[in-house]
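First the proteins, then the strands, lettered A, B, ... as listed; each starts at 1.
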2 protein chains.
Amino acid sequence: MTLSDKNFAFVMHCGEMGSRWGFNRTIGQMCGLLIITKEPMTANEIADALSISRGNVSMGIKELQSWRLIKVHHIPGDRKEYYAPAGTIWDMANRVFEERKKREIDPTLSLLRDNLLEPATNDDEKFAQQQMHEIHDLLETVTKWSSELQRLSPEQLQSLMKLGSGIGKVLDFKDKILKKP
Amino acid sequence: MTLSDKNFAFVMHCGEMGSRWGFNRTIGQMCGLLIITKEPMTANEIADALSISRGNVSMGIKELQSWRLIKVHHIPGDRKEYYAPAGTIWDMANRVFEERKKREIDPTLSLLRDNLLEPATNDDEKFAQQQMHEIHDLLETVTKWSSELQRLSPEQLQSLMKLGSGIGKVLDFKDKILKKP
DNA sequence: CATAGCTTTCATTATTTATTGAAACTTGAG
DNA sequence: CTCAAGTTTCAATAAATAATGAAAGCTATG
């Protein structure tokens with residue numbers, strides 16, 4: 001099966017963006033390819049479509065699974081594994097978001113926590129700790145906020161985002177609202 | 001000037017995280033170093049503190065300036081340039097966020113827009129376009145939302161984030177609120 | 001307008017990251 | 001148990017990215 005020009009362009013774009021989204025070129029391409037392909041694909045089909053080695057596909061699959069972005073399908077009487085996206089676009093975006101938080105924020109939060117437990121021993125350390133404290137608080141707020149957002153239903157989340165400029169107005173009323181039982 | 005062990009550990013951590021945050025090791029270190037150092041630093045001081053070449057520092061400064069994360073200070077009677085963070089921790093986080101949106105989302109949004117203008121010419125393209133449409137809508141919602149958030153004052157934003165689980169309750173009331181004049 | 005003091009550039013080199021493909025491994029069917 | 005169809009691993013290699021440092025470029029001052 002060979003991709004149309006437009007679809008090929010999309011897949012290549014995903015490749016170019018791959019490293020910015022947190023993986024590498026090949027894995028970006030694989031992800032894009034699986035998203036725009038209706039039927040689940042075998043590893044060999046992926047390798048052919050992208051002109052990359054079978055081994056590389058195997059690595060990529062492992063990585064995409066670690067991000068929980070793809071799932072395996074089986075066809076009765078066929079020993080091959082077929083791969084497909086592990087959910088809706090929305091699900092996938094959430095997974096990427098979550099996974100990146102884990103890689104980009106959590107380790108720093110943990111380092112900062114440890115650092116702030118020990119008392120500063122001189123002025124340089126005192127100033128540094130103030131700064132680290134600010135970073136810590138910021139990251140913690142973001143973390144808490146993002147886990148609140150995850151807790152909302154997709155509908156609530158959509159509704160919140162669609163609020164747009166209404167958000168300011170809503171905020172003005174929050175105190176009143178939160179006092180009600 | 002030499003860093004204490006704790007401060008050094010923080011700077012090295014910033015280096016390790018650098019590439020996950022969107023730059024590279026050295027630039028991560030430079031950023032961390034400038035944040036925890038009270039006084040603005042010269043390029044040579046930075047090179048010494050991190051044991052890297054003067055040329056590398058120059059590159060890093062250029063890059064950090066393109067992210068608008070640092071600014072230049074001058075001391076009367078001194079021809080050297082002194083560098084310091086270009087704002088509060090909060091400001092810097094915002095800048096990184098904005099810049100990353102520009103690099104990670106905007107190009108894809110643009111590609112998708114172009115692609116969706118042309119009609120699909122067969123079933124594969126039709127399916128692909130449905131998927132791209134979903135991605136497009138998701139990215140557009142996120143983009144609009146993030147620009148709304150940027151429009152809020154830091155205080156409002158803090159207050160929104162601190163809402164935490166209250167957000168669900170507030171959402172339930174939004175329809176009532178938005179009807180009021 | 002010459003130069004000292006500083007910054008930037010960029011070709012070269014070093015380091016890191018990704019890819020290949022052959023060999024090893026796994027597994028279901030006969 | 002054996003084989004064939006498939007998958008994974010990993011040492012070797014290729015490609016991409018980052019760092020160095022010498023040379024070129026600026027610019028404030030005498």
For this session: Figure out the CD/P separation between E63(B) and dT8(C), and round it to whole Å.
Result: 14 Å
Problem set entry | Check: N115(A) main-chain N/O paired with Q129(A) side-chain donor or acceptor under 3.5 Å | yes
For this session: Mind jotting down which residue pairs meet the side chain to side chain donor-acceptor pair (under 3.5 Å) criterion with at least one end in residues 119-128 of chain A? Sequence neighbours excluded, please.
Result: T121(A)-E125(A), E125(A)-S4(B)
For this session: Measure the distance from CG on L64(B) to P on dT8(C) and round it to the nearest whole Å.
Result: 13 Å
Please set out all donor-acceptor pairs under 3.5 angstrom arising from side-chain atoms of residues 91-98 of chain B, sequence neighbours excluded.
| from | atom 1 | to | atom 2 | distance (Å) |
| --- | --- | --- | --- | --- |
| D91(B) | OD2 | T88(B) | N | 2.9 |
| D91(B) | OD2 | T88(B) | OG1 | 3.1 |
| R95(B) | NH1 | R68(B) | O | 2.7 |

Exercise. So, do Q156(B) and S159(B) sit near enough that their side-chain heavy atoms are less than 4.5 Å apart?
Worked result: no
Seminar exercise, completed: Here the ring-ring contact (aromatic ring centres under 6.0 Å, His included) pairs for residues 33-68 of chain A, sequence neighbours left out, are F23(A)-W67(A)
Seminar exercise, completed: Overall bend of the helix from dC1(C)-dG30(D) to dG30(C)-dC1(D) (five pairs an end, 10° steps) is 10°
Exercise. Which residue pairs pass the ring-ring contact (aromatic ring centres under 6.0 Å, His included) test with at least one member in residues 105-125 of chain A, sequence neighbours excluded?
Worked result: none
For a quick test of your reading: what N or O donor-acceptor pairs under 3.5 Å do the side chains of residues 103-113 of chain A make, sequence neighbours left out?
| from | atom 1 | to | atom 2 | distance (Å) |
| --- | --- | --- | --- | --- |
| E104(A) | OE1 | R100(B) | NH1 | 3.4 |
| E104(A) | OE1 | R100(B) | NH2 | 3.0 |
| E104(A) | OE2 | R100(A) | NE | 2.9 |
| E104(A) | OE2 | R100(B) | NH2 | 3.4 |
| D106(A) | OD1 | K101(A) | NZ | 2.9 |
| D106(A) | OD2 | K101(A) | NZ | 3.4 |
| T108(A) | OG1 | H13(B) | NE2 | 2.8 |
| R113(A) | NH1 | E140(A) | OE2 | 2.7 |

Report all side-chain donor-acceptor pairs from residues 29-46 of chain A shorter than 3.5 Å, counting only partners two or more places apart or in another chain.
| from | atom 1 | to | atom 2 | distance (Å) |
| --- | --- | --- | --- | --- |
| T37(A) | OG1 | L33(A) | O | 2.7 |
| T42(A) | OG1 | E45(A) | N | 3.1 |
| N44(A) | OD1 | R54(A) | NE | 3.4 |
| E45(A) | OE1 | T42(A) | N | 3.0 |

Exercise. So do L157(A) and W90(A) actually touch side chain to side chain, heavy atoms under 4.5 Å?
Worked result: yes
Which atom pairs, donor and acceptor, lie under 3.5 Å between side-chain atoms of residues 69-80 of chain B and protein residues at least two apart or in another chain?
| from | atom 1 | to | atom 2 | distance (Å) |
| --- | --- | --- | --- | --- |
| H74(B) | NE2 | E81(B) | OE1 | 2.9 |
| D78(B) | OD1 | K80(B) | N | 2.9 |
| D78(B) | OD1 | K80(B) | NZ | 3.4 |
| D78(B) | OD2 | Y82(B) | OH | 2.6 |

Exercise. Do L3(B) and F10(B) have side-chain heavy atoms sitting under 4.5 Å apart?
Worked result: no
Exercise. On DNA chain D, which is the earliest and which the latest nucleotide, 5' to 3', with an atom closer than 4.0 Å to a heavy atom of chain B?
Worked result: dA18(D) to dA28(D)
Seminar exercise, completed: The correct set of residues in residues 8-22 of chain A placing a heavy atom under 4.0 Å from DNA chain C is none
Exercise. Would you say Y83(B) and L64(B) are hydrophobically clustered, going by side-chain heavy atoms of ILVMFWY under 4.5 Å?
Worked result: yes
Exercise. What string of B, S and - do you get for nucleotides 18-30 of chain C, 5' to 3', if B is base contact, S is sugar-phosphate-only contact and - is no contact with any protein heavy atom under 4.0 Å?
Worked result: SSBB-----BB--
Exercise. Tell me the ring-ring contact (aromatic ring centres under 6.0 Å, His included) pairs involving residues 111-135 of chain A, sequence neighbours left out?
Worked result: none
